[in-house]
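Just the heavy atoms: all of them, side chains too, but no hydrogens, waters or symmetry mates, feed the values below.
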Amino acid sequence: MLGLIIVVAAAAVVGYFSFTAWGLGWGITCGILTMLLVWLILSLLLRRFVMARQFAIQNIMQEAQNKANRQLEIFYRKRVSDEKAIRRELESIQFKAIRASLAELEGYKKFYIWNAMLPKQVNAMKVQLYYQLREYDKVDELLPKALLMDVQSLSIKLARMYKNNDPQIDKFFRRKCWRFRGESGAFIACVYAWIKLKQESVDAALEALNNAKKFSDHQTLLDNIDVLTNGKAKHFNNAGFGDSWYVLALEEPKVKKQRQQVGRPF
C-alpha cells in the first residue's frame with residue numbers, strides 16, 4: 001500500500017534527523033507526529049477524490065429515480081393497467097443507471113494503491129448493484145472479496161447463502177448480523193426469519209425476532225413476532241420494510257413499490 005509506505009518513510013526521515021539533532025526522545029516524538037500528520041493529509045486527499053466519484057454515482061441514481069417517477073405519472077395519466085409492461089419500463093431505467101454507476105466505480109481502481117481497504121469497499125458497492133441487475137454469478141464472485149458492514153450488504157449475503165443452500169447461514173447470521181439495533185436489527189432479523197420459515201424452522205425464526213425485539217420496536221418486527229407466536233406463519237410479511245426488502249428479490253413487489261425508489265447503491 002503506497003500510502004503506508006509514504007507515511008513510514010516520512011516518519012523515518014524526520015525521526016532520524018530529529019534524533020541526530022536533539023536526541024532519541026525528540027526523534028521518536030517527531031517521527032510519530034510526522035506519521036500522524038502525513039497519514040491525515042493523505043486520508044483527506046483520498047477521501048476528497050473518493051467522495052467526488054461517490055456523489056457522481058448518487059446523481060446518476062437520483063436522475064434515474066426522477067425519470068422513473070415521471071414515467072409512472074405518464075402511465076397513471078394514460079391509465080395503463082399492464083403491470084408487467086410498467087415493471088419492464090421501470091427496470092429498464094433502473095438497469096441503465098446501475099450500468100452507468102458500475103462504470104463509474106471502475107474509476108476507483110487508480111486509488112487502490114493508496115488504501116488497501118478501498119477495493120473491498122468498492123466490491124461491497126458492486127455487490128449491491130450487480131444484485132439489482134440479478135447477475136448473481138458476479139455477486140457470488142465478489143462477496144468473498146467485499147467488506148460487508150452495512151445491513152443491506154449483509155442481507156444480500158444471507159439471501160445468496162439461502163439460494164445456494166449454504167449450511168453456514170446460521171453461523172454467519174449469529175456472527176455478523178446479531179449485533180444490529182433499531183430498524184437495522186429489525187430488518188435483518190426479519191430477513192433471516194423469512195429464510196428460516198422457508199427452511200421450516202419456526203423456532204429459529206422466532207428466536208431471531210425476539211432477540212431483535214430487545215433493541216427495536218419496529219412495527220413489522222412486532223407484527224411478525226405476533227403471527228409466529230400465534231401459529232400463523234403464513235401471514236409473515238416483510239412488506240413494511242419497503243424497497244429494502246424487495247430489492248433482495250426474495251419476493252416480488254407490487255408496482256407501487258417501484259414508485260418510491262429506483263435503486264440505492266449505498
Side-chain angles (χ1 to χ4, degrees), residues 54 58 61 117 120-129 131-132 139-140 142-254 256-257 260-266:
Q54 184 172 331
Q58 291 173 344
M61 301 307 295
M117 294 303 296
K120 290 182 175 291
Q121 295 171 346
V122 172
N123 285 339
M125 300 179 206
K126 289 181 177 180
V127 162
Q128 295 195 30
L129 294 173
Y131 196 90
Q132 292 184 67
V139 172
D140 292 340
L142 287 169
L143 276 172
K145 299 180 287 186
L147 183 64
L148 306 179
M149 299 295 292
D150 64 287
V151 167
Q152 200 67 41
S153 294
L154 290 168
S155 297
I156 288 174
K157 174 69 172 180
L158 285 175
R160 292 309 302 154
M161 294 180 82
Y162 164 64
K163 291 292 187 179
N164 292 327
N165 296 314
D166 192 326
Q168 298 297 313
I169 189 170
D170 298 324
K171 181 178 179 180
F172 176 81
F173 177 76
R174 292 181 180 277
R175 184 164 52 92
K176 295 288 188 178
C177 310
W178 203 261
R179 58 187 170 84
F180 287 97
R181 304 290 185 262
E183 183 174 349
S184 296
F187 173 65
I188 202 162
C190 285
V191 171
Y192 176 74
W194 184 94
I195 290 172
K196 297 314 293 180
L197 290 179
K198 294 296 182 181
Q199 295 177 340
E200 300 183 351
S201 182
V202 177
D203 289 342
L206 195 53
E207 180 190 8
L209 297 180
N210 281 325
N211 179 72
K213 184 183 177 182
K214 298 175 185 177
F215 311 103
S216 176
D217 59 354
H218 194 282
Q219 191 58 51
T220 300
L221 171 68
L222 299 180
D223 290 344
N224 284 334
I225 291 175
D226 183 63
V227 298
L228 293 187
T229 301
N230 290 287
K232 300 178 180 179
K234 65 180 181 179
H235 295 296
F236 188 95
N237 192 339
N238 284 339
F241 293 109
D243 294 309
S244 295
W245 166 246
Y246 287 113
V247 78
L248 296 177
L250 295 174
E251 288 184 334
E252 283 294 323
K254 301 295 184 181
K256 63 181 180 181
K257 296 292 180 182
Q260 297 175 2
Q261 183 173 320
V262 172
R264 182 182 302 172
F266 307 104

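The minimum heavy-atom distance between S244 and F187, with the atom names listed, is O-CZ, 3.2 Å. Residues A239 and Y246 approach most closely at CB-OH, 3.4 Å, considering heavy atoms.
Scored by the side-chain hydrogen bond (donor to acceptor under 3.5 Å, both in side chains) test, N211 finds W178 as partners (sequence neighbours excluded). Listed by chain and residue number, nothing satisfies the salt bridge (Lys or Arg N to Asp or Glu O under 4.0 Å) test with K213 (two or more places apart in sequence, or in another chain). Listed by chain and number, the residues in a side-chain contact (heavy atoms from CB on, under 4.5 Å) with S216 are A186, H218, L221 (sequence neighbours excluded). Under the rule for a side-chain contact (heavy atoms from CB on, under 4.5 Å), the partners of A159 that lie at least two apart in sequence or sit in another chain are Y131, L250. For A193, the side-chain contact (heavy atoms from CB on, under 4.5 Å) partners are A205, L209, F236, not counting sequence neighbours. A search for side-chain hydrogen bond (donor to acceptor under 3.5 Å, both in side chains) contacts involving R174 returns E207, not counting sequence neighbours. Residues passing the salt bridge (Lys or Arg N to Asp or Glu O under 4.0 Å) test with D223, sequence neighbours excluded: none. Listed by chain and number, the residues in a side-chain hydrogen bond (donor to acceptor under 3.5 Å, both in side chains) with S153 are Q128, D150 (sequence neighbours excluded). Every residue meeting the side-chain hydrogen bond (donor to acceptor under 3.5 Å, both in side chains) condition with N230, not counting sequence neighbours, appears here in chain and number order: D226.
A donor-acceptor contact shorter than 3.5 Å is absent between the side chain of Q132 and the backbone of V247. With D166 contributing its side chain and Q168 its backbone, the two residues share a donor-acceptor pair below 3.5 Å.
Shown here is E200, whose CD atom has no more than 12 heavy atoms of other residues, nucleotides or ligands within 6.0 Å.
Residue F173 is tested with L154, V191, L158 for a side chain to side chain contact (heavy atoms under 4.5 Å, CB included); the sole match is L158.
Within the structure, the side chain to side chain donor-acceptor pair (under 3.5 Å) test picks out the following pairs touching residues 182-196 (sequence neighbours left out): D170-Y192, D170-K196, W194-E251, K196-Q199. A side chain to side chain donor-acceptor pair (under 3.5 Å) check over residues 231-241, counting only residues at least two apart or in different chains, returns the pairs N224-N238.
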